[in-house]
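Below is one structure, written out as structure tokens; the observations come after it.
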Amino acid sequence: MSLFTEWRALSENHATQEDEIKFWEEYLKVETTIYNEILNNKMEVIEGTVTELAEKFNTSNEYIMGFLDGISESLQEEIELETIEADTKVSIKIDFEKLYYNMVAVEAHWLHNLPGWNDILSEDKRKELTKAFKNSKTIVKEAKIGRNDACVCGSGKKYKKCCGK
């Protein structure tokens with residue numbers, strides 16, 4: 001079984017809702033610690049085997065896979081999660097703007113509010129990324145054609161007597 005499959009099984013299979021809550025509380029603490037270290041040290045590139053990264057960040061291989069799963073959409077180069085094993089050497093190059101945008105998108109306030117962002121992205125840039133996300137979710141309805149409005153084809157007739165028939 002691949003590490004990614006083990007991570008998925010660990011994150012999805014819980015006997016009770018209480019077990020699930022405990023799991024996610026524990027994992028999110030670990031994830032926050034990893035992101036804190038990355039942001040505080042301005043680590044744009046993270047390299048090593050999964051086991052080395054687990055030791056470096058003081059966690060398990062499965063939690064590192066969870067971290068890689070979470071950050072995979074914010075990387076400069078795509079990684080193939082399903083093929084990664086404990087001894088697989090990984091090199092991830094983080095796109096910090098994309099990472100911040102994705103953190104805002106998934107409403108991970110405990111991550112996009114970390115103080116380490118202050119030295120990586122300016123406050124104006126973070127506000128701009130947050131605004132860009134909010135604008136991407138805004139639905140703009142097109143103006144409807146009223147039945148008594150002039151027809152859009154330019155005939156000069158009312159819509160109801162022309163193309164609206």
Side-chain angles (χ1 to χ4, degrees), residues 3-5 7-12 14 17-18 20-48 50 53-54 56-84 88-147 149-154 159:
L3 267 179
F4 185 67
T5 307
W7 159 249
R8 288 288 180 165
L10 184 65
S11 66
E12 294 171 357
H14 303 281
Q17 188 173 8
E18 203 173 275
E20 183 176 6
I21 291 170
K22 284 180 186 176
F23 167 79
W24 285 110
E25 284 177 348
E26 180 182 335
Y27 172 74
L28 294 176
K29 284 179 188 174
V30 170
E31 183 184 47
T32 303
T33 303
I34 294 171
Y35 277 112
N36 248 334
E37 188 164 337
I38 289 169
L39 295 173
N40 291 336
N41 295 320
K42 297 176 192 75
M43 300 167 69
E44 290 183 39
V45 178
I46 301 168
E47 294 181 310
V50 173
L53 294 176
K56 178 178 182 174
F57 295 113
N58 197 28
T59 189
S60 69
N61 289 348
E62 292 80 14
Y63 279 16
I64 290 295
M65 280 307 299
F67 166 74
L68 292 174
D69 186 19
I71 201 172
S72 65
E73 293 180 7
S74 304
L75 301 177
Q76 293 175 10
E77 298 170 9
E78 195 173 314
I79 58 173
E80 203 56 46
L81 294 172
E82 293 81 10
T83 61
I84 296 176
T88 303
K89 185 163 177 67
V90 293
S91 176
I92 59 172
K93 296 175 180 83
I94 302 170
D95 181 337
F96 284 112
E97 287 185 17
K98 197 186 293 185
L99 178 61
Y100 187 83
Y101 180 91
N102 290 337
M103 286 178 175
V104 171
V106 297
E107 299 178 10
H109 57 85
W110 63 94
L111 296 177
H112 68 77
N113 287 332
L114 289 171
W117 283 110
N118 296 335
D119 297 331
I120 294 175
L121 297 174
S122 68
E123 187 174 340
D124 289 340
K125 187 63 177 178
R126 291 184 307 223
K127 285 180 181 177
E128 178 185 319
L129 291 169
T130 302
K131 186 176 181 181
F133 168 72
K134 289 179 180 176
N135 287 342
S136 74
K137 296 296 177 195
T138 303
I139 299 172
V140 179
K141 293 184 179 180
E142 293 182 23
K144 283 183 130 182
I145 302 168
R147 45 184 316 241
D149 291 341
C151 190
V152 292
C153 73
Y159 181 73

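Values below: all heavy atoms of this structure, side chains included; hydrogens, waters and symmetry mates excluded.
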Any salt bridge between K131 and E128, counting N to O under 4.0 Å? no

Strictly distance-based, threshold 3.5 Å: is any side-chain N or O of D149 a donor or acceptor partner for the main-chain N or O of G146? yes

Quick check against the 3.5 Å criterion: does N40 have a side-chain atom that pairs as donor or acceptor with the backbone of E37? no

Mind checking whether F23 and W7 have parallel, tilted or perpendicular rings, split at 30° and 60°? tilted

Can you check ring-ring contact (aromatic ring centres under 6.0 Å, His included) on Y27 and W24, steps first, answer last? CA-CA 5 Å; Y27 172 74; W24 285 110; 5.8 Å; yes

In terms of heavy-atom contacts, does CD of E107 have more than 12 from other residues, nucleotides or ligands at under 6.0 Å? no

Would you find a donor on one side and an acceptor on the other, under 3.5 Å apart, between the side chain of W117 and the backbone of L111? yes

Are side-chain heavy atoms of K93 and E44 found at a separation under 4.5 Å? no

State whether the number of non-hydrogen atoms from other residues, nucleotides or ligands found under 6.0 Å of N58 atom CG is greater than 12. no

Is there a side chain to side chain donor-acceptor pair (under 3.5 Å) between E26 and Y63? Walk through the geometry before answering. CA-CA 10 Å; E26 180 182 335; Y63 279 16; 3.2 Å; yes

Hey, is CD on E82 packed in by over 12 heavy atoms from elsewhere, all under 6.0 Å? yes

Counting only N and O atoms by type, is there a donor-acceptor contact under 3.5 Å from the side chain of N41 to the main-chain atoms of M43? no

Does the plane of the ring in F57 sit parallel, tilted or perpendicular to the ring in F67? Use 30° and 60° as the thresholds. tilted

Salt-bridge test for K127 and E123: reply yes if a basic N is under 4.0 Å from a carboxylate O, no otherwise. yes

Does the distance from a Lys or Arg side-chain N to an Asp or Glu carboxylate O, for K89 and E47, drop under 4.0 Å? no

Hey, is the main chain of K98 close enough, under 3.5 Å, to the side chain of N102 for a donor-acceptor pair? yes

Counting only heavy atoms from other residues, nucleotides and ligands, does the tally under 6.0 Å from CD of E73 exceed 12? no

